[in-house]
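Residue numbers begin at 1 in each chain, while the letters A, B, ... track the order of the sequences.
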Amino acid sequence: MANMETVQSNFIKQIINEHNASGRYGGRVHTRFPPEPNGYLHIGHAKSICLNFGIAEEYGGKCNLRFDDTNPVKENVEYVDSIKEDIRWLGFDWEDREFYASDYFETLYEYAVKLIRDGKAYVCELTGEEIRAYRGTLTETGRNSPYRDRSVEENFDLFQRMRAGDYPDGSRTLRAKIDMASPNLNMRDPIMYRILRAHHHRTGDAWCIYPTYDWAHGQSDSIEGITHSICTLEFEDHRPLYDWYVTQLEIHHPRQIEFARLNITCTVMSKRKLLRLVQEGIVDGWDDPRMPTISGLRRRGYTPGSLRDFSDRVGVAKKESTIDMALLEHCIREDLNAHALRVMAVLDPLKVVITNYPASEIEEMEAVNNPEDATAGSRAVPFSRELYIEREDFMEDPPKKFFRLAPGREVRLRYAYIIRCEEVIKDAEGNIVELHCTYDSETRSGLPQANRKVKGTLHWVSAPHAVDAEVRLYEQLFDREHPETTDEEGQDFLANLNPASLQIVQAKVEPSLASAMAGTHFQFERKGYFTVDSRYGKKGAPVFNRTVTLRDTWAKIHKGQKTTP
RNA sequence: UGGGGCGUCGCCAAGUGGUAAGGCAUCGGCCUUUGGAGCCGACAUUCGCAGGUUCGAAUCCUGCCGCCCCAGCCA
């Protein structure tokens, strides 16, 4: 029994099971992930990738990678490269099945000729505006184009000349002859080809006519022998057209299945909105650690495993939903708790002098690298007379349940000694600048007296040994669960940006961190999970990104104390 | 007011006529040299609403209500 986990059922698997039972595809399951290379992949795509590759694997089938590159004005190779990198990083392999809709341009052209020969497609000379007017509205039927009844020969000739470049951009289209009175607007003689002189990232200038999504997608699926073409809900209305094309062409007929796209609280997921964040300089780029892009999450410190786990947990259904960001955070905490090495880092340093500790003495304290993993071993951390502790771990006048340092109180320094706060040193303005403490030499970690009960344990860094490091503290990009909701007329999602989404601090970290490699994951004890940034920082002076905080019970208590008088 | 979808706990989500899984969140308690982790427990007499069929309905029927998508030569 390799897998004790209950594999979640969903409606897509049910459809596949029915097909397998009826023999519709001979028991074959072949899916595809079809990104348009016009932007970076985000976590919603990750869900789709996990779904498509996951289903293929579960049923012993295959999943293709196919770039849906039918609109050269928006697409480019930078996006192709980033997409491939992200899918690989997530842990999926399309082997030799890397395809492009543009691979099929010639076949698509031949298919179009067949429809023309069959009297099922025609060249239309209506302008864009006219086409819209002829299409009718949601409640009124459309009218037939005056070019609808041209002869097969004339259509064929015109279409050839469209391809040859005899006509200016936008002057003609090839349309499927279906039904201008259909209640489904997609069936009102949809456009198959438009004339567009744009350089394509793969086919160059070979074509001046490009197929539309509807015309290219289903036929591409068919050519590749796809059995289950999984897409998002908004394409449900397109399914009759998808079916119409493959039926008229009498070619392999995949089944299109639609599911609800992923939404997550406190972020946005549309490529258009993400592009705006990038272009308006609100974030650092597509891979800004606050972005829900795969590259952003990677830089933030998310792991492939945590994203796959998240994808499994969110489920697959047709109900539009918004997953609580807390679930994503739970997934990364669970992964990092098991794997991240523990270290000590003080983000907001407050100097502590142990007045009864010898000035020249330095001790090496043994610290466990990961209590969840015995094989992770331990390391030595230097301890000396002058230390840094977290400023928030001291309060002059502590409230109830504050288990940390305060005047006259004792606290344990993790892996070291129990200390007592004897004196608070302030500057002229009354700011606390230093604490004078005494230590109990009998309480060194490992000694019998170390087992004495004390209320709290603090992390610390030896001042003379500390390494300076920039630490980037990230929070949600938006401070509203649903960023699209605005208070005032005329506002958009940018009105809900969280001004505190990035806070940069200068921290004091333990010496072992000076040589930390980019992409390594750490837990800064009592603070959260951090990773070494891949862009900023240099040798000996790493920059850390906060992936996620640790669950913080005290913060909850404290918050409750403040709001309840 | 045309067509296509969707409505099960705060957020997701199983369930497909036999009497409401699970996860996240939340709230208690235990444990703890991370207020972390872990462990134990609590958490929908009810499935948008109203009728009907049935011994029995979240599941079947009828009628309402609410939300989303579609009028790009974008995908």
Side-chain angles (χ1 to χ4, degrees), chain A residues 6 8-10 14 34-36 38 68 70-71 73-74 124 126-128 131-133 135-142 169-175 182-188 190-196 209-210 212-214 216-217 231-240 258 260 265 271-272 312-331 333-334 337-338 342 344 368 371-372 401-404 412-416 418 443 445 450-459 481 523-528 549-558:
Chain A
T6 310
Q8 185 84 49
S9 171
N10 64 52
Q14 286 181 11
E36 182 189 11
N38 69 341
D68 218 330
T70 57
N71 186 5
V73 308
K74 289 187 176 175
C124 182
L126 254 23
T127 65
I131 286 180
R132 196 183 336 127
R135 187 155 36 221
T137 67
L138 295 178
T139 52
E140 297 161 34
T141 63
D169 286 9
S171 63
R172 270 150 239 246
T173 56
L174 183 73
R175 293 229 252 165
S182 172
N184 181 345
L185 304 210
N186 294 123
M187 300 300 272
R188 321 245 262 226
I191 288 165
M192 296 165 63
Y193 280 97
R194 70 273 210 185
I195 302 174
L196 189 63
I209 58 172
Y210 288 96
T212 55
Y213 165 85
D214 285 311
H217 202 91
C231 62
T232 43
L233 249 31
E234 67 271 27
F235 292 106
E236 204 150 19
D237 284 341
H238 295 241
R239 193 164 74 219
E258 312 84 11
T265 55
K271 274 193 199 171
R272 204 202 99 244
D312 287 345
R313 291 184 190 232
V314 296
V316 181
K318 298 191 74 155
K319 184 170 79 169
E320 298 206 44
S321 59
T322 303
I323 274 60
D324 195 331
M325 178 66 89
L327 179 62
L328 216 209
E329 295 187 339
H330 169 81
C331 292
R333 283 193 187 108
E334 192 171 76
N337 175 53
R342 271 61 171 175
M344 292 197 282
V368 172
E372 305 294 322
K401 292 189 180 173
F402 183 80
F403 301 153
R404 308 177 187 182
R412 182 193 307 278
L413 293 180
R414 179 139 236 229
Y415 298 126
I418 293 173
T443 60
S445 199
N451 296 326
R452 241 173 67 200
K453 288 288 171 206
V454 281
K455 272 294 191 183
T457 300
L458 307 187
H459 61 281
E481 286 205 350
Q523 184 197 97
F524 287 1
E525 293 216 28
R526 302 209 306 133
K527 298 309 294 182
T549 60
L550 250 29
R551 277 186 64 225
D552 190 348
T553 310
W554 165 244
K556 260 180 220 163
I557 296 169
H558 192 46

When the [atom1] atoms of [M] and [N] are compared, how many Å lie between them, rounded to an integer?
N     : M     : atom1 : result
B:G36 : B:G29 : P     : 13 Å
B:C12 : B:U34 : C1'   : 30 Å
B:U16 : B:C61 : P     : 16 Å
B:U46 : B:G38 : P     : 34 Å

Using a heavy-atom cut-off of 4.0 Å across all strands, would you classify [X] as base, sugar-phosphate, or nothing?
X      : answer
A:F235 : base
A:S321 : sugar-phosphate
A:P240 : nothing
A:L328 : nothing
A:L458 : nothing
A:R333 : nothing
A:S445 : base
A:K556 : sugar-phosphate
A:E236 : sugar-phosphate

Polar side-chain atom of [X] near backbone of [Y] as donor-acceptor pair, under 3.5 Å:
X      : Y      : value
A:R194 : A:G170 : no
A:T443 : A:I418 : yes
A:T265 : A:M325 : yes
A:N184 : A:D237 : yes
A:R135 : A:P190 : no
A:R412 : A:R452 : yes

Side chain of [X], heavy atoms from C-beta onward: which of [options] has the nearest atom to it?
X      : options             : value
A:P183 : B:G3, B:G35, B:U33  : B:G3
A:Y213 : B:G72, B:G5, B:A75  : B:A75
A:T457 : B:A75, B:C11, B:G35 : B:G35
A:E320 : B:G5, B:C11, B:C68  : B:C68
A:N71  : B:A75, B:G15, B:A13 : B:A75
A:N337 : B:C73, B:A71, B:G36 : B:G36
A:T553 : B:C24, B:G35, B:U34 : B:G35
A:K319 : B:U33, B:G5, B:G7   : B:G7
A:R551 : B:G36, B:U33, B:G15 : B:G36
A:P371 : B:G15, B:C74, B:G36 : B:G36

Please confirm whether the shortest side-chain N or O distance from [X] to OP1 or OP2 of [N] is below 4.0 Å.
X      : N     : result
A:R194 : B:C74 : yes
A:Q14  : B:A14 : no
A:R342 : B:A37 : no
A:R526 : B:G35 : yes
A:H330 : B:C24 : yes

Q: Answer yes or no for this row: A:W554 ring on B:G35 base, centroids under 5.5 Å, planes under 30°.
A: yes

Q: Find the distance between NE2 (A:H238) and CD (A:E258) and round it off to the nearest 0.5 Å.
A: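 Nearest 0.5 Å value for the NE2-CD distance: 10.0 Å.
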
**Q.** Distance (rounded to the nearest 0.5 Å) between A:D552 CG and A:H558 NE2
**A.** 10.0 Å

Is there a donor and acceptor pair, one atom on the side chain of [X] and one on the base of [N], closer than 3.5 Å?
X      : N    : answer
A:D237 : B:G3 : yes
A:E258 : B:G4 : no
A:T139 : B:U1 : no

**Q.** Residue whose closest nucleotide on RNA chain B lies nearer the 5' end, A:R135 versus A:R239
**A.**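 Looking at RNA chain B, the more 5' nearest nucleotide goes with A:R239.
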
(Q) Taking syn as a glycosidic torsion within 90° of 0 and anything else as anti, which one is B:G41? (A)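 Anti conformation here, the glycosidic angle of B:G41 being more than 90° from 0.
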
Suppose we define a pair by two distances each less than 3.5 Å, Watson-Crick or G-U wobble; what does [N] pair with here?
N     : value
B:A75 : none
B:C67 : B:G5
B:A25 : none
B:G38 : B:C30
B:C47 : none

Q: Would you kindly give the CZ-to-P distance between A:R175 and B:G72, to the nearest whole Å?
A: 12 Å

